[in-house]
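The figures here come from the full heavy-atom set of this structure, side chains too, leaving out hydrogens, waters and symmetry mates.
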Amino acid sequence: MSYRHGRGVRNAYGSYRQRENSDDINDGSSYNAGNRQSRGSAQGSRGRGRGGHPPWLKGKEIGLYYKKKAQSSQQPTHAIRLNPHTERKIKNLLESMPNTNFRPASGTGMCDGIDSKLKARYDHINDSHFKKNFLEIVSGDIQQNLTKSMLAKSKLVQNDTYDKRAIEEHKERVASPGYQKMLKFREKLPAFKMRRQVLELIEKNQVVVISGETGCGKTTQVAQFILDDQIERGNGSVTKIICTQPRRISAISVAERVATERAERLGCSVGFQIRLEKELCRDYASILFCTTGMLLQFLHSNPALTDWSHLILDEIHERSTESDFIITLLKQIIPRRPNLKVILMSATLNSDQFSKYYNNCPNIHIPGFTYPVQEYYLEDVLQFTRFKFPPPPEMPNNHRKHMKRYKNQQKKSDDFLDFIQPYLRHIESERKYPQFVIDQLRNPVSEDLSLELIAELVHFICTNEGPGAILIFLPGMTDITKLTRMLLESGEYPSSRFIVYPLHSRLPTVDQKLVFERPPDRVRKIIIATSIAETSITIEDVVFVIDSGKMKLNKFDTDNNIETLLPEPVSLANAKQRRGRAGRVQPGKCYHLYTKAREMTMDEYPLPEMLRTRLEQVILQAKILQLGKITPFLASVIDPPNAKAVELSLQLLMTLNALDEDEQLTPLGYHLAKIPLDPRTGKMIILGAIFSCVEPVFSIAASLTYKDAFYCPLGKEAEAQKRKLELGLGQYSDHIALAEALRRFEEAKTRGSPGFFCRQYFLSWNTLKLLTDMKNQFAKYLCEMNFLHSANPNDERANKNSNNLALVKALVCAGLFPNVAIVKSVRRHGASVVTPQDGKVKLHPSSINEKCQSFPSPYLVYFTKQLSSAIYLHDTTSISPMGLIFAGPNSKIGEQNGKCVMALPGALSFLCEPETAFIVQKLRAKLEWLLGYKITHPGTIKWDSDEGAVLKGMIELVSQGDEEMGLESRTYHVGFANETYSDSD
DNA sequence: GAGCACTGC
């Protein structure tokens, strides 16, 4: 059969038992089902019976006691051993290598004018090319950076020939029937009527805010107004407009739309550029639509934006980290570029805030046009449906355990009553609603999401209202799946008259496209969606919107240093956007499932992204732009992130050795800031290049930071999970599955059957395609940086060790360290897992390891940890102790209970023979030095020299680590994909 | 037993 877990288990189990008997090492862990007994005795030996806590502890102290206890019982957990053969090999290797780690450091005489302290610190760097670039970045500041950028040659030079050519072309274009036909349409847009005012305002001011709702035409028209006006005035050669969009799709579709309106093809006066895809426009008299992230990249090499005459930032009301960052940076650029015109485009709601931020710059409003939408609230919906909420939970039997939960509930319920009573008294006096509605509203359960109520409301609309599609907004995928099932299983929605679509980002795109189709007459379309239908996906024929009033939002909880994904009440801006979705083709109706009273307490806008995410990447961006100390810069952002968030992200960057204690970029940090990846995965790909393990490691890095390609096909979840498990190659690793998915996809492509492969394994073709392109991009970067011979990630020289799965996992581990979790025991319902920071965590149900009944090692590394209904590790790889030693810097040799241990930061320690510990550490130190050297002297590895020997030694160690666990490490590339990984017996 | 949505020369 195609899956190998069972065999690994037997091996692992067998070898551990043997060890316990022969060496008298109590490994103290109980991650393996077979080790339950040892766990029992370990607890018993502490003499506290059923693991009780000291009786004097109260409340929180008890929790802390157990947390501490869980942590202390982690060490030492496991033994490191080498087989005599390997040990001898490594010893020989170390002996054959002279002890001169540091090559003579001679000054290069370059970089004059740079701070002597800095110069001294990096004196040992001999690579003059790297040194020059690096020191320039760490020693400069933004003003110098801008000056340098201003001095560089600009593409904007007045040129008579181009000016005239632009005028001629424009005249011809305007006269063409295609243009005239489109003009008729354009003239109807509200924005077109404001043409003169908009142009005048831009003429007179350097910065202008334009506000207007979707449908007013500002996105497609404003750039054209400016361009045509400048062309007519003979300024074609010095007019280049760059216009940013938050999403890739909108950058392309807006560019296409504008080209069509100008009766042109893309590539003439209109172009677009997004990551990995571009259709550039000509070098004069043109408009480039790009993603906001793309502009940020442009700013790295040309912070003064000297190649552009106009900058339009669209959709800035969405408050993405990228647009907030650019808006902040622009404040420094604007005074240096008085001829750069900046146009900020926003929805009406918060446009004043931007105008204020820019010294009260003028704000012009363009009215929008949509059909009127009648709004209803929970009180109305209850009246329509006569729905009754279930009674609030009752008092539990006097059980102490539940008492606390009950009291919390009681408190919440009391707060709710305090909040709702005044409103209920008010509507009671107005007599607008019958008594049963008011009674229902008094029930605190009325604030929770009720799929039953939504089902009733759908029923009500279908029986009492005219035709038109219904769009339902729910917080997440789980609720969407549940409601879809409820509706279909009720039998009230036969396919002859209804068509129900679930809609979220993890559904196969084929299914997503059907949503746009107009159903046959007398068939009603019901779409059950996440907030993806708020902005990203527009379904034209929606007439009825049901707004659950909740959405899931990613936040960074700085108190607990954890990322969360929890359902929250939507903001008024979201609610307005949802309502607008009902009025695109005709007057519509919107049903909010919260009361008018609740609406009064809702936030006006969603929290800006910069206030709810980790800031590592923002900090690296700021560093590469030479913005100096991060705190003052971030304090000047329109809504500054809190100090704790900045502090935590700085700490992580220092732990990763991307920043030094002065908050300056280190050589590693310098590389990481230039790679379009999260710092951890960035580190991973550099290591992948050094260890000649590029193909699988790049696949994993791309999947982790972009998104994995696995779909959630409705109704076939179990089958999809089985397929994923197959791709895991029996390695207890989600990351190996990601690499294998991409490898087989590329293989299937060369055979000409990628579509079949994607369907078979429930993978997204589009995502895999993009991931493949991203891998090529990484290779291009690392080749430019000198870490790779070629820009081809499949180059043989870059993949000498790609078939060594133990090494792939160790490199993943090295990138993700110290994200380590420990399996304490395995029960029937899955593993009991802890992390040093959070205590108990769960493996996410989509993980290969979630159903695992035993693990080859108690250690797991993970990339994503998120608090939702519990703290979940989304992706894990089971890693050997040797893999951890490989990944973790600064291991120390010590003694515990008379035995030698190797300890890593984060309370990880391993029993080890002193002799073994000594050579492992020595080799590890050599690796550490080599990595440091390679970072400051980027270059490819000479495998037959000393540096190659160090890497080979490390590879030997991690491979043996996997053999110890009973895993076969060299099982990669086992022929073609149709010959799936198979058990030889 | 479950993952809002985006993005990177």
Side-chain angles (χ1 to χ4, degrees), chain A residues 244-251 273-278 280 288 290-302 307 315 318-323 325-326 473-482 503-507 529-537 548 550-555 563-568 570 574 577 606-607 609 612-613 617-618 620-621 624 673-678 681-682 702 705-708 710-712 717-718 720-721 734 770 773-774 777-778 780-781 784 829-830 842-847 850-851 864-875:
Chain A
T244 69
Q245 293 294 318
R247 281 164 288 278
R248 292 164 62 88
I249 298 219
S250 36
Q273 183 167 2
I274 59 179
R275 183 181 189 181
L276 304 169
E277 219 181 315
K278 61 183 170 188
L280 293 181
L288 180 73
C290 68
T291 44
T292 321
M294 208 45 122
L295 175 63
L296 256 172
Q297 295 301 322
F298 294 155
L299 283 163
H300 285 185
S301 54
N302 183 0
D307 290 338
E315 315 274 14
E318 289 185 12
R319 301 302 305 274
S320 71
T321 300
E322 287 165 334
S323 71
F325 186 95
I326 290 174
F473 284 101
L474 290 181
M477 211 183 93
T478 319
D479 301 305
I480 290 173
T481 312
K482 267 192 212 153
L503 181 66
H504 55 74
S505 67
R506 298 317 297 255
L507 278 176
T530 58
S531 43
I532 196 170
E534 239 175 68
T535 47
S536 305
I537 291 180
S548 67
K550 297 198 163 54
M551 70 191 292
K552 285 194 179 178
L553 215 63
N554 202 205
K555 282 192 176 168
E563 284 169 65
T564 63
L565 183 66
L566 297 165
E568 303 204 18
V570 297
N574 292 113
Q577 184 67 26
L607 201 61
E609 193 191 3
R612 37 182 196 87
T613 46
Q617 308 219 49
V618 178
L620 285 181
Q621 292 272 351
I624 208 86
K674 295 201 146 202
I675 301 174
L677 276 175
D678 161 281
T681 37
T705 42
Y706 179 58
K707 61 180 167 192
D708 74 53
F710 293 100
Y711 279 136
C712 293
E717 293 89 345
Q721 192 64 9
D734 292 306
L770 210 60
D773 293 344
M774 283 168 75
Q777 195 188 26
F778 299 157
K780 204 181 115 211
Y781 274 117
E784 280 165 13
H829 302 293
K842 286 185 180 175
L843 300 183
H844 196 271
S846 67
S847 166
E850 196 257 345
K851 279 203 173 62
T864 306
K865 175 177 75 187
Q866 198 173 45
L867 169 73
S868 51
S869 57
I871 300 177
Y872 283 102
L873 308 182
H874 287 231
D875 53 293

Across the strands shown, which category fits [X] at heavy-atom distances under 4.0 angstrom: base, sugar-phosphate, nothing?
X	result
A/Leu677	base
A/Arg275	base
A/Gln777	sugar-phosphate
A/Ser301	base
A/Asp708	base
A/Thr705	base
A/Met477	base
A/Thr291	sugar-phosphate

Scan A/Lys552, A/Lys555, A/Lys550, A/Arg612 and name whichever one has a salt bridge (Lys or Arg N to Asp or Glu O under 4.0 Å) with A/Glu568. A/Lys555
Counting side-chain heavy atoms from C-beta on, which of B/dG8, B/dG3, B/dT7 comes nearest to A/Ser868? B/dG3
So if I take every side-chain heavy atom of A/Leu565 and compare against B/dA2, B/dC9, B/dG3, which nucleotide ends up nearest? B/dG3
Over all heavy atoms of both residues, which pair between A/Ser531 and A/Met551 is shortest? Give the atoms and the distance, please. OG-CE, 3.8 Å
Is A/Arg506 paired with A/Asp708 through a side-chain N to carboxylate O contact shorter than 4.0 Å? yes
Residue whose closest nucleotide on DNA chain B lies nearer the 5' end, A/Asp678 versus A/Lys851: A/Lys851
Atom CD1 of A/Ile249: over 12 foreign heavy atoms under 6.0 Å: no
Is there, by distance only and without an angle test, a donor paired with an acceptor across the side chain of A/Gln617 and the base of B/dG8 below 3.5 Å?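 Such a pair is found, so the answer is yes.
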